There are 2 protein chains.
Amino acid sequence: MASQTEENYLKALFNLANPAGEVNISELANQMNVSMPTVNSMVKTLQKNGWVIYQKYKPVQLTPEGQKTAALVIRQHRLTEMFLVNKMGFGWEEVHAIAEQVEHIHAPKFFERMDELLGFPTIDPHGSPIPDKMGRIKETHYVCLDTCEAGQTVVLAALTNSSTEFLEFLNSRNLSLGTQITIHSKETYDQSMVVSYLQNERETLSEKVCEKLLVRIIGE
Amino acid sequence: MASQTEENYLKALFNLANPAGEVNISELANQMNVSMPTVNSMVKTLQKNGWVIYQKYKPVQLTPEGQKTAALVIRQHRLTEMFLVNKMGFGWEEVHAIAEQVEHIHAPKFFERMDELLGFPTIDPHGSPIPDKMGRIKETHYVCLDTCEAGQTVVLAALTNSSTEFLEFLNSRNLSLGTQITIHSKETYDQSMVVSYLQNERETLSEKVCEKLLVRIIGE
DNA sequence: CAATTTTGTTAGATTAATCTAACTTTATAC
DNA sequence: GTATAAAGTTAGATTAATCTAACAAAATTG
Ligand SMILES: [Mn+2]
Ligand SMILES: [Mn+2]
Ligand SMILES: [Mn+2]
Ligand SMILES: [Mn+2]
């Protein structure tokens, strides 16, 4: 059974993997906030446990078992976030740090019960997909708001970044998942957009914000 | 901040303390399922952190800070058990192992929210008192069923042992907290009792069972 | 393509939590 | 009250997870 530390490395590998499934030692060290030698020794441990493939000086790759283990921890993280928001009244900006701890609890029934009580959700409070019990993730096909055009109507569906600061910014602008947004114009100089939604008329969103919003296009 | 391991030692010390607040090294080793040298080195660590008083060859004692830290972990354990039973539909025999892990989560808001949603309970699903936010425990004065007399009517209030096996035994006999029990007789030979409650008429409870049941006397 | 920079590895140390073996102190029992 | 037993300590080793310093390989770049 994976230790908490190992589970955190597996999650990081899962999230950092490029299309070929590869992750560099330096990226992983950076993500985990540890030194490269620490990562070097940890990937050897992960390999011994059958979770990664690794050769000196080559990028690391999760094995199928590694992928599944990682996906199940991510499942527990996202179910926890959903439970905290929908059943315990937390805000979407408060739940990540708690879920980061709860995800490591070894008690399948605990998470199955959450899943049931939540009605088997497929996305978490930030719009990220919740892997199923087999570790499979349903692919979503959202587009980034910054690639949208003036005149389009879209619905906010997910975020590419869920930091507390960004979520608090979205709260301050009254933006939440499911909000329907009309794009009035896009400034070619700085890629900012003027949009309207709910009571917010002609709100300007900077490129920095737009590039973190994933939407479904529903009109024009 | 206490590590998970340290928190578990503090809980054990809290629970093992005799009226003078003392715990022997061997008792603690036995409770924690580790060797005496392990305990010896751990109590030195706990002392360095200000949680215990300790002198070579003397029993260990929690300091007031140690007591408070222990009580707050116990609070989190018992709130979790209550939440699992009352809000998530678990049976009282299923929750201890999960709570043993959840109790170590560092997120005061998480447990405050549980407390609120539960309506600020003062006892857990096994009748044990839940310490308040200051670590204070409200004293209860129950009597052990095996000290009761024929003819008395009592209400099951708490247990001195909450092992899964014992809880499953109680489930099989339809016994739960709050059940009103009438004592018909007490066998002087083996201390067993013949009792009635709910639909269960003239049920025999062995000494081994009676000594684990704490009751409030309500009649005769 | 050689020089330099970046990335990755090895070696060796540290800290927490554990163990066994050997020894010492305290308690118990004739 | 000495002998034995029980309880407790010390010493030294182990494993997981981390670090820094030194070195090596790979990538970049003029
Ligand atoms: Mn999260
Ligand atoms: Mn985590
Ligand atoms: Mn318990
Ligand atoms: Mn515990």
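These numbers come from a predicted model, not from an experiment. All values below come from the heavy atoms of this structure, side chains included, with hydrogens, waters and symmetry mates left out. Lettering follows sequence order; numbering is per chain, from 1.
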Next item on the list: Would you mind telling me which of dT20(D), dC19(C), dA17(C) lies closest to the side-chain atoms of Pro37(A)?
Entry: dT20(D)

Euclidean distance, atom [atom1] of residue [X] to atom [atom2] of [N] [Å, nearest integer]:
X: Glu22(B); N: dA7(D); atom1: CD; atom2: C1'; answer: 15 Å
X: Asn33(A); N: dA17(D); atom1: CG; atom2: C1'; answer: 15 Å
X: Asn30(B); N: dA7(D); atom1: CG; atom2: P; answer: 10 Å
X: Leu46(A); N: dA16(D); atom1: CG; atom2: P; answer: 12 Å
X: Lys48(B); N: dT15(C); atom1: NZ; atom2: C1'; answer: 10 Å
X: Leu28(A); N: dA17(D); atom1: CG; atom2: P; answer: 14 Å

Margin query: If the cut-off is 4.0 Å, is Tyr9(B) near the phosphate of dT18(C), judged by side-chain N/O to OP1 or OP2?
Written below: yes

Item checked: Residue-phosphate contact under 4.0 Å: Thr38(B) side-chain N/O, dC19(C) OP1/OP2 -> yes

Note, [X] side chain near [Y] side chain (heavy atom, < 4.5 Å):
X: His106(B); Y: Glu7(B); result: yes
X: Val195(A); Y: Val154(A); result: no
X: Trp51(A); Y: Leu13(A); result: no
X: Val102(B); Y: Glu81(B); result: no
X: Pro121(A); Y: Ile130(A); result: yes
X: Leu159(B); Y: Leu214(B); result: no

Checklist line | Residues from residues 1-8 of chain B lying under 4.0 Å of DNA chain C - heavy atoms | finding: Ser3(B), Thr5(B)

Margin query: Going by the rule side-chain hydrogen bond (donor to acceptor under 3.5 Å, both in side chains), which residues pair with Arg75(B) if we only count those two or more places apart in sequence or in a different chain?
Written below: Asp115(B)

Checklist line | Counterpart residues, side-chain hydrogen bond (donor to acceptor under 3.5 Å, both in side chains), relative to Lys11(B) (two or more places apart) | finding: Glu100(B), Glu103(B)

Notebook entry, point to check: Who are the side-chain contact (heavy atoms from CB on, under 4.5 Å) partners of Asp146(A), not counting sequence neighbours?
Noted result: Cys144(A), Cys210(A), Glu211(A)

Interface polar pairs with nucleotides 6-8 of chain C, N/O, under 3.5 angstrom:
residue : atom : partner  : partner atom : Å
dG8(C)  : OP2  : Ser26(A) : N            : 2.7
dG8(C)  : OP2  : Ser26(A) : OG           : 2.9

Note to self: For Phe110(B) and Phe90(A), take the angle between the two ring planes, folded into 0 to 90°, and tell me which bin it lands in: parallel under 30, tilted 30 to 60, perpendicular over 60.
What the structure shows: tilted

Are there any protein N/O atoms within less than 3.5 Å of an N/O atom in nucleotides 12-14 of chain D, and if so, which ones and at what distance?
none

Note to self: Can you see whether Phe166(A) has Lys212(A) sitting over its ring - NZ or CZ less than 6.0 Å from the centre and within 45° of the normal?
What the structure shows: yes

